[in-house]
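Read the structure below first, then the notes.
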Protein chains: 2
Amino acid sequence: MTTETSGREQGLAERAYLNLRTAILEHELAPGTRLSVPNVAERLGVSRSPAREAIARITYEGLAHFEPNKGAVVADLNAESLVEIYEVREALEGLACRLASQRMNRDDVAGLRELLSQHTAAAEAGEVELHYELDMRFHARIRELAGNTRLTTQLELLQQQIRLAMYTTHRSPGGMPLALTEHRRIIDALESGDPVLAEAAGRSHIARLLRDLSSADRAG
Amino acid sequence: MTTETSGREQGLAERAYLNLRTAILEHELAPGTRLSVPNVAERLGVSRSPAREAIARITYEGLAHFEPNKGAVVADLNAESLVEIYEVREALEGLACRLASQRMNRDDVAGLRELLSQHTAAAEAGEVELHYELDMRFHARIRELAGNTRLTTQLELLQQQIRLAMYTTHRSPGGMPLALTEHRRIIDALESGDPVLAEAAGRSHIARLLRDLSSADRAG
DNA sequence: ATGGGGTAGATTACATGTAACTTAAGTGGA
DNA sequence: TCCACTTAAGTTACATGTAATCTACCCCAT
């Protein structure tokens, strides 16, 4: 029997990392905030060792920048960085769709359609939060179906960075219906089993998001 | 004036990381070797703190695997992992070529052609080591020209992992002439300025490497 | 007012102490 | 002989001490 005081099982560093990441993704620690080791340690109620480790991990994941003898600062991703991120994401989501199209079966397709119908309902009900949730679930499911662990990891890291960058920006409800039709196109392409078509569908979805981003940037 | 005892300027952790990485890439620490903190610390002549940090970084970069309460082990990449890596690399090298085709100028093209001619000379002289060196330089130059820092970072990490995995395997001199014609095709595509063509050229080069890998795997 | 230089406080980077855990070898009993 | 248990060595994970470095503020001379 595992004797534990409360519901924790992983190490302190791991929990510190998770807490720190959450704090950053929710802008509790806004971009530009300095992540000093003693500060983070106190905030998370751990000693400096796991705090330092958590900060290092956050940095490796691109949620903070680091300068030797200076420390880490929560990443403040500018438009140029977002373009870079989306360029990479376009290529990788395309790959995910290509691989998924070759590996998934009828049930997998049905599962995606079910997700899409929930998503449609949420969009029609104007539930923006749920919309984002289901949008992410859709993409998460596809990369899972692609069955390439490295690809999955990279896409998740990009997703995190985007989430951080978009914290205030990303609520442009105008894109919701478009996303839905694009998702439908992706499912259709996946179902066809044609990897080229699937890749194109996945890529054009992300490419469109990047274009919207650029135009919003010009407008703002 | 910077008062330094010898030619080092970065921190101990950085140097420890570089030394450890070199040791791993040269199979001085072969795949499967356990990287215990005290052991690595002694080997590199530093205390446990920078050693631990170096091991963590190696792990994040995919050159070692990690299990909580167990420690890190030098990555032993099997055929399946290599396929994953090459799948991602194909997509990203394609992107690199696409971006480079849109951003590079005549001088850049000339520079690549110069590299290729050196490469051709090395191949004809049968200088295998130089061949690999120049092959890497070629790809490095293209990602540099692509001008996307995240893309560059990812490709470099993949390159490292491939180098580790291929330490013994990768000397298949039969591929040398093929690589040269493919590189020429890539340069031609880049020069044309057509991003679709450039991407296709870059991708098919990597896709071919993956196919060779699979067939060598079957044969071996 | 302004710029230079010193100084105090905070922080990083590294070193080291130590409890808990993992592993495997040894020991004794069935 | 074989298995359960103990135990010892090695290691991880975390805590903490400390010198060197950085930062920002203040003071003073111009």
Side-chain angles (χ1 to χ4, degrees), chain A residues 1-21 23-24 29-61 63-76, chain B residues 1-21 23-24 29-61 63-76:
Chain A
M1 184 206 282
T2 56
T3 315
E4 50 185 273
T5 323
S6 66
R8 67 288 280 273
E9 195 53 19
Q10 336 115 38
L12 281 185
E14 176 79 11
R15 282 191 293 144
Y17 156 73
L18 290 171
N19 286 334
L20 184 57
R21 189 182 64 171
I24 289 172
L29 294 168
T33 306
R34 223 181 130 188
L35 297 176
S36 94
V37 173
N39 199 6
V40 169
E42 196 198 10
R43 176 190 184 86
L44 303 179
V46 298
S47 84
R48 280 156 24 211
S49 296
R52 193 175 159 80
E53 196 171 323
I55 292 171
R57 192 159 159 195
I58 289 290
T59 302
Y60 289 126
E61 295 189 354
L63 296 181
H65 293 306
F66 193 84
E67 278 191 277
N69 294 326
K70 294 276 198 67
V73 175
V74 178
D76 194 356
Chain B
M1 186 208 279
T2 56
T3 317
E4 51 186 273
T5 320
S6 66
R8 65 289 281 274
E9 195 53 20
Q10 337 114 37
L12 282 185
E14 176 81 9
R15 281 191 293 145
Y17 155 72
L18 291 171
N19 286 334
L20 184 57
R21 189 182 64 172
I24 290 172
L29 295 168
T33 306
R34 210 168 147 203
L35 297 174
S36 95
V37 174
N39 199 5
V40 169
E42 194 197 11
R43 178 192 181 84
L44 302 178
V46 298
S47 82
R48 280 156 23 211
S49 297
R52 191 172 159 82
E53 196 170 324
I55 292 170
R57 194 161 158 194
I58 289 291
T59 302
Y60 288 126
E61 295 189 353
L63 297 182
H65 293 308
F66 192 84
E67 277 191 279
N69 293 328
K70 294 274 199 67
V73 175
V74 178
D76 194 356

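Proteins come first, then strands; the chains are lettered A, B, ... in the order of their sequence lines, and each starts at number 1.
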Problem set entry | Set of side chain to side chain contact (heavy atoms under 4.5 Å, CB included) partners for A/A54, sequence neighbours left out | A/A16, A/Y17, A/L20
Seminar exercise, completed: Scanning both residues in full, the closest heavy-atom pair of B/V37 with B/A51 reads O-CB, 4.0 Å
Problem set entry | Contact list for residues 34-44 of chain A, test salt bridge (Lys or Arg N to Asp or Glu O under 4.0 Å), sequence neighbours left out | A/E28-A/R43
Exercise. Applying side chain to side chain donor-acceptor pair (under 3.5 Å), which residue pairs with at least one partner in residues 67-76 of chain B are found, sequence neighbours left out?
Worked result: none
Exercise. For residues 44-53 of chain B, which residues have at least one heavy atom under 4.0 Å from DNA chain C?
Worked result: B/S47, B/R48, B/S49, B/P50
Seminar exercise, completed: Its 5'-most and 3'-most nucleotides having an atom under 4.0 Å from a non-hydrogen atom of chain A, DNA chain D is contacted over D/dC14 to D/dT23
Problem set entry | Heavy-atom closest contact (A/P31 atom, A/A75 atom, distance) | CB-O, 3.3 Å
Seminar exercise, completed: Sorted by chain and number, sequence neighbours left out, side chain to side chain contact (heavy atoms under 4.5 Å, CB included) with A/S49 holds for A/S47
Exercise. Looking at residues at least two apart in the chain, or sitting in another chain, which of them share a side-chain hydrogen bond (donor to acceptor under 3.5 Å, both in side chains) with B/E53?
Worked result: A/R52
Seminar exercise, completed: Numerically ordered, the residues 64-71 of chain A set in heavy-atom contact under 4.0 Å with DNA chain C is A/F66, A/P68, A/N69, A/K70
Exercise. Which residues pass the side-chain hydrogen bond (donor to acceptor under 3.5 Å, both in side chains) test with B/R57, sequence neighbours left out?
Worked result: B/E14
Exercise. How long is the line joining CD of B/Q10 and C1' of C/dT12, in whole Å?
Worked result: 16 Å
Exercise. What closest approach, in Å, do B/A30 and B/V74 show between heavy atoms, and which atom pair accounts for it?
Worked result: O-CB, 3.5 Å
Exercise. Roughly how far apart are B/L29 CG and B/L63 CG, rounded to 0.5 Å?
Worked result: 11.5 Å
Exercise. How about B/I24 and B/L35: do any of their side-chain heavy atoms sit closer than 4.5 Å?
Worked result: yes
Seminar exercise, completed: Residue set satisfying ring pair (Phe, Tyr, Trp, His ring centres under 6.0 Å) with A/Y60, at least two apart, ordered chain then number -> B/Y60
Taking only N/O atoms, report every protein-nucleotides 5-10 of chain C pair under 3.5 Å with atom names and distance.
none

For this session: Looking only at non-hydrogen atoms, find the nearest pair between B/Q10 and B/L18 and report the distance.
Result: OE1-CD1, 3.9 Å
Exercise. Just checking A/I55: base, sugar-phosphate only, or nothing, at a heavy-atom cut-off of under 4.0 Å?
Worked result: nothing
